[in-house]
Amino acid sequence: MLEAMPHRAAIWNFVFGRLTYHSFPFLNPDTEGRILLVTFFVVFIVGLAILGAVTRARKWGYLWREWFTSVDHKKLGIMYMILGTVMLLRGFSDAIMMRAQQAYAFGPHMGYLPPDHYDQIFSAHGSIMIFFVGMTYIVGLMNYVMPLQIGSRDVAFPFLNNLSFWFTFGGAIMFMVSLFLGDFSMAGWLGYPPVSELQQGPGVDYYIWGLQLSGVGTLLTGINFVVTILKMRAPGMTLMKMPVFTWTTLCTSGLIIAIFPVLTATLFLLALDRYVGTHFFTAGFGGNLMMYINLIWVWGHPEVYVLILPLFGVYSEIVPTFSGKPLFAYSSMVYATVAIMILSYLVWLHHFFTMGSGADVNSFFSLTTMMISIPTGVKIFNWLFTMYRGRVRFTVPMLWTMGFLFTFTIGGMTGVMLSVAPADFLLHNSLFLVAHFHNVIIGGVVFGVFAGVNYWFPKAFGFKLDEFWGKATFWFWLVGFWVAFGPLYILGLMGVTRRLSHFDDPSLQIWFVIAAVGAFLIALGILSFIIQIYVSIRRRREYAVGHDPWDGRTLEWSTSSPPPDYNYAFIPIVHARDAWADMKAHGYERPREGFNAIHMPKNTASGVLIGALAFGCAFGLVWYIWWLAVASLVGVIAVAIAHTFNYHRDYHIPEDEVRQSERSGNWQQAQGANA
């Protein structure tokens, strides 16, 4: 019997790797275990309710045929934004827990979170918000809007678009699984060694492989969008006639292609350090810790502009529409966008002014950091001059834009303060930097996402979002942000260090309590957004609008809302910037005859299968289940090869179906509603 036990252990290790009963932290009797147990039951009950509702409605077949296997850029854009909303709830839950901990953990009170659990929440919050909230929302908006704006029927590589989503989805699931199975990384949202090399267990491995999956998906998206914009624009749409949102999508995609291979390589080197002991980043064994810091920020700072540039494009569409006039100085806006794209490569070292690079290096990167504020300032003045003497309509999208102009400008000014190396020596490791970063990301990215969702929602679904709950969402976010992060500016100037879960000085507590109140207000903003979606869907007949509810200026408003699968029965011909405004000014009428069959790509299950197998490979690598990792990798290769032999990837929408769609009552009703 004793001889059999090692044999059984060997079988267990082969089948399950390092996965054991103790890998389920919510089964532990401590405080962390109780928190996770409650979270597990809530997630389990909500998930079960959703699965039950879909099963009862018999919608699994519909979801599989029409959504999961879809290569339609519009449906994929919507799925990206649904994923972003789900991950927002997870990431913000982490933020609320951190704020509650810091408001309570003073003096003899250590708070309700053990230090290791706080570090996991801290690391997960940043990673989720950047990779699976900001990036997914932005890719979703670009996916939905950009092909419509350039007069295209789809992106250049529809299957690649589907595959990109499922890679991103797999990365998000890796992060969600880490909540209930094993621990997560405690090395911060950028996984700095030596902490990430020394941490035992699966935490850092979850981080590495989750980001590798999403990173590959994002890289494929960048390639897809660059080719789409350069090769599939409508006739007559030269580069300098493209909408500014399309320009920002192009520059963002170019940045993605340039920087995401760096992230992939950096995380791969870190994985080699952890799995085979190569010590690329271990100073005591011939490696160089600063090499990791350089590489991760060579990716990391341009990533900030990957996040913000598309939202600059969103504001550049909203401001002219609701000011009733063309964008002021279009050419300078385009040149400013390209300048930001280029300069974003030359500022990464300001993230470690304090690490001994020397005065010459610090001076160069200080100057480049100041320089990048110039094209950003150009954009802000362009938006202001566009509104000047315009007939500004203060709709919900415009409110978000006005909140952005105020909040982001202050965030930019604090960034210029941090670009001065001597000042950065004092402020870099303080809460001032945390406040600045959130000032830019929330004031620029989050406000822009909500502005874009409210602006293009009628295009996607044919009805507007509820205005009352939209305004409630805006004011809760705007006020909540300043209540939450204003105190952090003050604390930072007082020298309070970031990344701490406990404080000794009781005089600081009031500021953290105020910050926690601000986080609660932001939570009400998120709740208001969910209510806004729910109320709008319930009242969708009441909120139904025409194809052009805002009197838009760009091509996406020239087709029906929601657009047909093929986007355009006839590819539009562009003669000027603001192509749709120009077409309306010249009395454009929608064609009623001369339709032809339209060539379209077929849906495919290959993306779902490859994404699922890639997730299986990553999960196997996290838990050292080598047979699963190898089998899944072989499966990925096999499905990819099999897909290349699929010669039935397209079909034609018959002429009669196109005619019926174009002559449908929906379009006539839309015309009447718009009139």
Side-chain angles (χ1 to χ4, degrees), residues 25-26 28-39 90-129 179 183-190 192 195 199 203 354 411 414 418 423-439 441-442 476-477 479-526:
F26 59 85
N28 297 331
D30 56 12
T31 303
E32 178 182 356
R34 289 193 294 271
I35 294 172
L36 290 174
L37 184 62
V38 173
T39 306
R90 162 71 200 281
F92 190 77
S93 298
D94 292 337
I96 285 286
M97 294 178 71
M98 286 192 293
R99 280 285 159 261
Q101 167 72 15
Q102 289 187 321
Y104 178 68
F106 277 84
H109 303 289
M110 299 305 295
Y112 70 101
L113 290 175
D116 60 334
H117 193 191
Y118 178 88
D119 289 345
Q120 291 179 52
I121 290 172
F122 166 83
S123 303
H125 167 72
S127 304
I128 288 171
M129 286 300 196
L179 188 62
D183 296 326
F184 190 69
S185 170
M186 293 184 281
W189 79 276
L190 286 177
Y192 281 180
V195 180
Q199 182 183 333
T354 59
T414 58
L418 290 168
D424 189 76
F425 268 77
L426 299 174
L427 296 172
H428 187 87
N429 205 37
S430 75
L431 288 171
F432 186 95
L433 186 138
V434 176
H436 156 71
F437 180 77
H438 285 83
N439 203 158
I441 294 299
I442 293 179
F476 276 130
W477 268 95
V479 176
F481 166 78
W482 284 109
V483 175
F485 291 98
L488 268 61
Y489 275 125
I490 297 170
L491 289 166
L493 291 171
M494 293 166 64
V496 179
T497 307
R498 57 188 174 128
R499 301 191 182 105
L500 297 181
S501 62
H502 176 266
F503 302 90
D504 293 322
D505 186 352
S507 67
L508 303 176
Q509 187 169 16
I510 182 62
W511 298 107
F512 285 102
V513 172
I514 294 172
V517 172
F520 175 73
L521 291 175
I522 294 175
L524 293 179
I526 295 173

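Quantities reported herein were computed from a predicted structural model and do not represent experimental measurements.
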Is any side-chain heavy atom of Tyr118 closer than 4.5 Å to a side-chain heavy atom of Met97? no
> Given Leu431 and Phe485, is the side-chain contact (heavy atoms from CB on, under 4.5 Å) satisfied, shown in steps?
Replying inline: CA-CA 9 Å; Leu431 288 171; Phe485 291 98; over 6 Å; no
dist Ile441:CD1 -> His436:NE2 (nearest 0.5 Å) comes out at 8.5 Å
Taken to the nearest 0.5 Å, the spacing of Ile128 CD1 from Ile121 CD1 works out to 10.5 Å
Q.
Could you check whether atom CH2 of Trp189 has more than 12 heavy atoms from other residues, nucleotides or ligands sitting under 6.0 Å from it?
A. yes
Margin query: Within the structure provided, determine whether Phe122 and Arg498 are in side-chain contact (heavy-atom separation under 4.5 Å).
Written below: no
Closest heavy-atom pair, Asn439 versus Phe481, reported as atoms and distance to 0.1 Å, is CA-CZ, 3.3 Å
Problem - Side chain to side chain, Gln102 and Phe503, heavy atoms closer than 4.5 Å - result: yes
Using the six-membered ring wherever Trp is involved, compare the ring planes of His109 and Tyr104 and label them parallel, tilted or perpendicular (cut-offs 30° and 60°).
tilted
Between Leu433 and Thr414, is a side-chain contact (heavy atoms from CB on, under 4.5 Å) present by the stated rule, with each step listed? CA-CA 9 Å; Leu433 186 138; Thr414 58; over 6 Å; no
- Just by modelled atom types, is the Gly107 backbone N or O under 3.5 Å from a matching donor or acceptor in the His502 side chain? yes
For Ala484 and Ala519 the tightest heavy-atom approach is CB-N, 3.8 Å
Taken to the nearest 0.5 Å, the spacing of Phe432 CZ from Leu488 CG works out to 11.0 Å
One pair to check against side-chain contact (heavy atoms from CB on, under 4.5 Å): Val496 and Phe512. What are the steps and the verdict? CA-CA 11 Å; Val496 179; Phe512 285 102; 4.3 Å; yes
One should read off an interatomic distance between Gln101 CD and Met110 CE, to the nearest 0.5 angstrom, of 8.0 Å
ask   = Between Ser501 (side chain) and Pro115 (backbone), is there a donor-acceptor pair under 3.5 Å?
value = no
- Message: Please evaluate residues Arg499 and Asn429 with respect to the criterion side-chain contact (heavy atoms from CB on, under 4.5 Å), reporting the C-alpha separation (whole Å), side-chain torsions for both, the decisive distance (0.1 Å), and the verdict.
- Response: CA-CA 9 Å; Arg499 301 191 182 105; Asn429 205 37; 3.5 Å; yes
Heavy-atom closest pair (Ile35 atom, Tyr112 atom, distance to 0.1 Å) is CD1-CD1, 3.8 Å
The reported gap from CG in Asp183 to CG in Asp116 (rounded to nearest 0.5 angstrom) is 7.0 Å
Note to self: Just so I know, are the side chains of Ile522 and Trp477 near enough to count as touching, which here means a heavy-atom distance under 4.5 Å?
What the structure shows: yes
Describe, in one word, how the ring planes of His125 and His438 are oriented to each other, choosing from parallel (under 30°), tilted (30 to 60°) and perpendicular (over 60°). parallel
One should read off an interatomic distance between Leu508 CG and Ile510 CD1, to the nearest 0.5 angstrom, of 11.0 Å
